[in-house]
Amino acid sequence: MIRIDGVKVAKEVKEKLREETNQIVNSGRRAPHLTAILVGLDGASQTYVASKEKDCHEIGFGSEVIRMPETTTESELLELIEKINQSETTDGLIVQLPLPKHISEKKVTDAISPLKDVDGFTPANFGLVTRGEGGYIPATPFGILKLLEAYKIETKGKHVVVLGRSNIVGRPMSILLSQASPTGNATVTLCHSKTENLEFYTKHADIVVVAIGISEFLKGNMLKEGATVIDVGITRVSDSSNPRGYVLKGDADYASLEGVCYAATPVPGGVGPMTRTGLMLNTLEAYKKKFNLD
Ligand code: GUN
């Protein structure tokens with residue numbers, strides 16, 4: 001089974017981004033800039049935001065993390081977003097999710113200017129992406145398309161089963177894979193928690209994209225021989241034998257895929273690094289749009 005190496009592909013994409021950023025800066029322009037807002041102290045979110053900051057640094061982007069206390073009110077957050085929407089020096093703006101319970105994620109993500117919405121969460125971007133008319137592709141689906149491309153995994157005419165219908169991953173992924181494009185043209189089945197006889201679909205899939213947040217849910221015996229598995233899940237599972245007290249698990253039971261699948265993404269080191277790469281690609285795109293470059 002081919003281990004789809006997201007770290008390697010992410011490195012290659014980041015290298016290209018670094019070269020392009022260098023050229024921009026050498027021409028006398030400022031570097032693209034990503035701003036992230038982090039509310040509260042969620043452990044996983046802090047790790048994600050730190051990784052995004054590191055990626056920006058490696059590529060040569062400017063970056064800034066605005067850390068807000070857990071007690072921040074919705075209106076304070078909306079005010080901050082509006083200020084950054086107007087800022088000349090920020091090209092991309094993300095608000096790390098999840099947010100504390102007293103803040104509406106919908107209101108907050110909808111408040112981000114579609115021009116700076118490099119997560120691709122706003123209705124304006126979702127609409128454009130759905131219609132195949134540009135717009136920022138949400139980072140995880142974008143990263144997955146890049147992985148499929150890098151490993152030359154054909155989607156045209158294939159049956160792809162997407163497990164999970166979130167607005168961030170499953171829903172846009174299913175739409176993108178069915179579009180008339182080099183990484184599309186697939187026949188897509190979108191399965192979710194109410195799907196009956198799920199195994200019928202997974203057994204008839206050439207590619208399964210699993211994004212349901214249940215660790216090791218998808219097993220090799222639910223798949224047909226030669227299938228490819230793209231695992232979006234990343235759950236912290238308690239493990240006292242690990243110095244951190246937890247281990248990271250995907251939505252697929254990777255070991256059980258061996259001998260059945262053609263290829264699969266590991267967790268960690270598969271989709272995760274590519275999600276961040278998707279975000280970086282969108283940030284450069286936002287910068288270029290702003291300055292009418294290429
Ligand atoms: N939380 C989990 N995934 C994401 C993501 O892609 N973007 C943001 N902003 N928050 C997240």
Side-chain angles (χ1 to χ4, degrees), residues 6 10 13 33-56 61 63-68 70 72 74 77-78 80-81 84-85 90-101 103-114 116-126 129 135-147 164-173 176 209-215 230-236 248-251 265 267-268 270-283 285-286:
V13 178
H33 190 102
L34 176 68
T35 297
I37 302 176
L38 176 61
V39 185
L41 297 167
D42 179 76
S45 292
Q46 293 195 59
T47 308
Y48 293 147
V49 167
S51 305
K52 289 169 189 174
E53 212 178 6
K54 182 167 161 273
D55 284 346
C56 283
F61 287 178
S63 75
E64 171 190 15
V65 179
I66 302 177
R67 291 181 169 82
M68 312 269 288
E70 185 86 18
T72 303
E74 191 176 272
L77 185 55
L78 292 172
L80 175 65
I81 290 169
I84 300 168
N85 281 344
T90 286
D91 308 296
L93 168 61
I94 62 165
V95 178
Q96 188 65 33
L97 305 179
L99 287 168
K101 293 273 174 292
I103 300 179
S104 155
E105 288 190 354
K106 181 179 147 44
K107 263 197 206 161
V108 165
T109 49
D110 285 5
I112 297 171
S113 160
K116 298 191 178 184
D117 168 34
V118 286
D119 257 332
F121 289 175
T122 57
N125 274 312
F126 200 89
V129 168
Y136 302 117
I137 300 174
T140 300
F142 198 2
I144 291 171
L145 294 182
K146 290 276 169 203
L147 268 187
R165 55 183 161 181
S166 73
N167 284 333
I168 300 179
V169 183
R171 176 95 46 209
M173 191 76 262
L176 288 158
V209 179
V210 57
I212 53 173
I214 304 174
S215 64
I230 305 293
D231 188 349
V232 182
I234 185 152
T235 306
R236 289 182 173 193
L248 295 174
K249 295 273 184 199
D251 286 354
T265 59
V267 176
V271 171
M274 291 306 295
T275 292
R276 286 169 7 223
T277 304
L279 188 67
M280 300 297 132
L281 286 164
N282 281 342
T283 302
E285 187 66 25

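Indexing begins at 1, ligand by ligand and atom by atom, following the structure's order. None of the values given here were measured: they were computed from a predicted structure.
Every atom of ligand 1 is numbered from 1 in the order shown, and the set under 4.0 Å from a heavy atom of Val95 is 8 (C), 9 (N).
Here Ile81 contributes atom CD1 and Ile37 contributes atom CD1; the two are 5.0 Å apart, rounded to the nearest 0.5 Å.
Of the protein's heavy atoms, Gln96 NE2, 3.3 Å lies nearest to atom 11 (C) of ligand 1.
Of the possible polar contacts, none joining the Asp91 side chain to the Thr283 backbone as a donor-acceptor pair under 3.5 Å is found. Proximity of a side-chain donor or acceptor of Asp55 to a complementary backbone N or O of Thr277 within less than 3.5 Å is not detected. At least one donor-acceptor pair under 3.5 Å links the side chain of Asp251 to the backbone N or O of Ile212. Asn85 places a side-chain N or O within 3.5 Å of a backbone atom of Ser113 that can act as its donor or acceptor partner.
Considering backbone and side-chain atoms alike, Tyr48 places every N or O at 3.5 Å or more from each N or O of ligand 1.
In the candidate list Leu97, Val169, Ile234, Asp119, Asp119 is nearest to atom 9 (N) of ligand 1, counting heavy atoms.
Contact annotation: for Phe121 versus ligand 1, heavy atoms closer than 4.0 Å belong to the side chain alone.
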